[in-house]
Amino acid sequence: MDGAVASGAHEEDFTGELTLAPRLIGAGFATRSSRGSERWSVLRRLLLSADLIAATLAGTIVALATGLSSSDAFGFALAVALGWPLSAFVFGLYAADDLGSWASGVGEAPRMVVALLVLSWPLYAVAGAAGAPAPVTSALVAGAGTALLSASARAGARAMIHRVAPLRQRTVIVGSGQVAGQLVRKLQIHEQFGLQPIGIVDDELHNIGTPDLPHLGRLDDLERVLRLHAVDRVIIAFSRASHERLLKSIRACRDQRVAVDVVPRLFEFLDGASRALGSIGGLPLLSITAPQMNAASRAAKRALDIFVSGSALLVLSPLLVVIAAAIKLESRGPVFFRQVRAGRGGNVFRVFKFRSMYADAEQRKVELHAVNDVSDGVMFKMHRDPRVTRTGRVLRRLSLDEVPQLFNVLRGEMSLVGPRPLILPESQALEEDWHERRLDLRPGLTGPWQVSGRSDIPFQEMVRFDYQYVAGWSLARDIEILLATIPAVLSGRGAY
């Protein structure tokens, strides 16, 4: 079967199922959303609806059972109905987009328990304010009832969408032979994962065990195959191609926002021992989910930036005044050092830092940066430079010279977490196509480079860290990096 025939057959099946889909999953689903690549947004809406219904029902039952007045009962039920989805969002119960989360909700059970325990505290306060005779019992029963009803409603939502054919992901297998054939058979048996194999991409086809699927092209053709066949997912199941070619293929998938799974070598010996791996019918998979950065995600990231940076500036204002005074008393010159950096989408902005050098040395630093050969990874380090002031050494050691960048965060030029803000010569020296992806997000006050060693990291490795962060961004990852930044700064690792 050639690619054109396979694609045409898909289109016919696809349109034929659209009339059934809205009746199955409600008003949240439309023709425009009926693509496997967008099925996660459909799942999230269904899970949110399930949580709202479950929490409202549980809160109402508990409020009426405790004998509260109508107004107090309404207030308690409303607190449960709004509090549970908010808590679920914070703990990532709507963020998972791996195959296990699509097939079953078992993996989310630990996070659900923690989210409900956290929710029980504000529910206890609401129950006490409403005059419940036993506020602790009311909060715990409401939480337990929400857990049971929500788990059941979520299971029902998943069972519903598993039957919707347009939400199945069109899947290409990279590789051939026995492992690829075994993988395809498991996908056909375990339909709850919603993957539809449409073809094989490989340089050399193995004749033994190769599944009966069309050969869509070589690895160099993968980017074209992804576009031509509307591919939603790629699974790498052993290939004789080199490491560099497979890495290039993965980057091509990431750039087109296509999810990637890898069947690891020696998978027969893993046998579920690695908790980081998912599986399909016992076949382990290392999943690299497609990057998701929708409007809601951007709004959540920006809200976190504004709240944390504004609060930090307010709390640290006395310290900022002390630092400014120390800088002025030790040497002449401005308190702040400003430098042009490359921002999101290639836009430039001026970053704020506390001046840590004597005023004439700051200009020299800019000149040295301008001629720095960043392509060889040569970084300009000032840890023993006599031009650094005594106050500046302390500021750099504790990363306090970076605190004024909170103003850049408030202004929307930077984010709390993001790629490192490069000076223009460094940014212009990046020649690979995938390097440009690091500019998809605002540069950050901290990032993976900060928690992994800062100035001790070679330049090219830092760029790779930035690419990986942008390609796999999540709000949970941002919070993780923020928390990891604290011990990294206090330890002084890589600070110069």
Does [X] reach the side chain of [Y], with side-chain heavy atoms less than 4.5 Å apart?
X    : Y    : result
Y124 : S138 : no
I200 : P214 : no
T446 : L416 : no
L93  : R44  : no
L99  : I280 : yes
S249 : V174 : no

If only atom types and distance count, is the side chain of [X] paired as donor or acceptor with the main-chain N or O of [Y] below 3.5 Å?
X    : Y    : result
T171 : Q169 : yes
D221 : R218 : yes
R111 : G92  : yes
H162 : E191 : no
S87  : A115 : yes
H229 : V231 : no
Y469 : V417 : yes
R341 : V351 : no
D51  : A88  : no

Nearest 0.5 Å please: distance from the [atom1] atom of [X] over to the [atom2] atom of [Y].
X    : Y    : atom1 : atom2 : answer
L149 : T56  : CG    : OG1   : 10.5 Å
L187 : Q182 : CG    : CD    : 10.5 Å
M414 : L406 : CE    : CG    : 9.0 Å
L445 : T485 : CG    : OG1   : 8.0 Å
L219 : I236 : CG    : CD1   : 8.5 Å
Y94  : R45  : OH    : CZ    : 13.5 Å

_Qualifying side-chain hydrogen bond (donor to acceptor under 3.5 Å, both in side chains) pairs with a residue from residues 302-311, counting only residues at least two apart or across chains_ =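 Every pair satisfying side-chain hydrogen bond (donor to acceptor under 3.5 Å, both in side chains) with a residue in residues 302-311: D305-S415.
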*Given V234, L216, V172, the one that forms side chain to side chain contact (heavy atoms under 4.5 Å, CB included) with L226*: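 Of the listed residues V234, L216, V172, the side chain to side chain contact (heavy atoms under 4.5 Å, CB included) partner of L226 is V234.
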*side chain to side chain contact (heavy atoms under 4.5 Å, CB included) with L195: which of R170, K186, R233, Q188?*
R233
*What residues form a side-chain contact (heavy atoms from CB on, under 4.5 Å) with A77, not counting sequence neighbours?*
T60
Closest heavy-atom pair and its distance - [X], [Y]:
X    : Y    : result
A142 : A58  : O-CB, 4.1 Å
L410 : I306 : CD2-O, 4.0 Å
S176 : D202 : OG-OD2, 3.1 Å
G444 : P421 : O-CD, 3.6 Å
L116 : A147 : CD1-CB, 3.2 Å
V260 : C253 : CG2-CB, 3.4 Å

*With the threshold set at 4.0 Å, does a side-chain nitrogen-carboxylate oxygen contact exist between R251 and E244?*
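The answer is no: the pair does not qualify as a salt bridge.
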*Could you tell me whether R420 and D466 make a salt bridge, using a distance below 4.0 angstrom between a side-chain N and a carboxylate O?*
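Answer for the salt bridge query: no.
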*Apply side-chain contact (heavy atoms from CB on, under 4.5 Å) to L183 and I235, showing your working.*
CA-CA 9 Å; L183 172 64; I235 302 182; 3.3 Å; yes
_Which label fits W40 and W102: parallel for a plane angle under 30°, tilted from 30 to 60°, or perpendicular past 60°?_
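The arrangement is perpendicular - the two ring planes meet at more than 60°.
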*Evaluate the salt bridge (Lys or Arg N to Asp or Glu O under 4.0 Å) criterion for residues E108 and R154: first the C-alpha distance (whole Å), next the side-chain angles of each, then the deciding distance (0.1 Å), finally the verdict.*
CA-CA 11 Å; E108 65 193 21; R154 282 171 165 250; 2.9 Å; yes
*side-chain contact (heavy atoms from CB on, under 4.5 Å) between H215 and L205: does it pass, once the steps are laid out?*
CA-CA 8 Å; H215 181 221; L205 287 181; 3.9 Å; yes
Using a cut-off of 6.0 Å, state whether more than 12 heavy atoms not belonging to [X] lie near its atom [atom1].
X    : atom1 : value
K248 : NZ    : no
F465 : CZ    : yes
Q192 : CD    : yes

*Starting from the C-alpha separation in whole Å, work towards a yes-or-no answer on side-chain contact (heavy atoms from CB on, under 4.5 Å) for Q405 and N408.*
CA-CA 5 Å; Q405 292 175 29; N408 292 112; 4.0 Å; yes
*Steps toward side-chain contact (heavy atoms from CB on, under 4.5 Å) verdict (D232, V258)*: CA-CA 5 Å; D232 304 308; V258 173; 5.9 Å; no
*Stepwise, does the side chain to side chain donor-acceptor pair (under 3.5 Å) test hold for Q196 with R168?*
CA-CA 6 Å; Q196 176 189 352; R168 296 172 188 156; over 6 Å; no
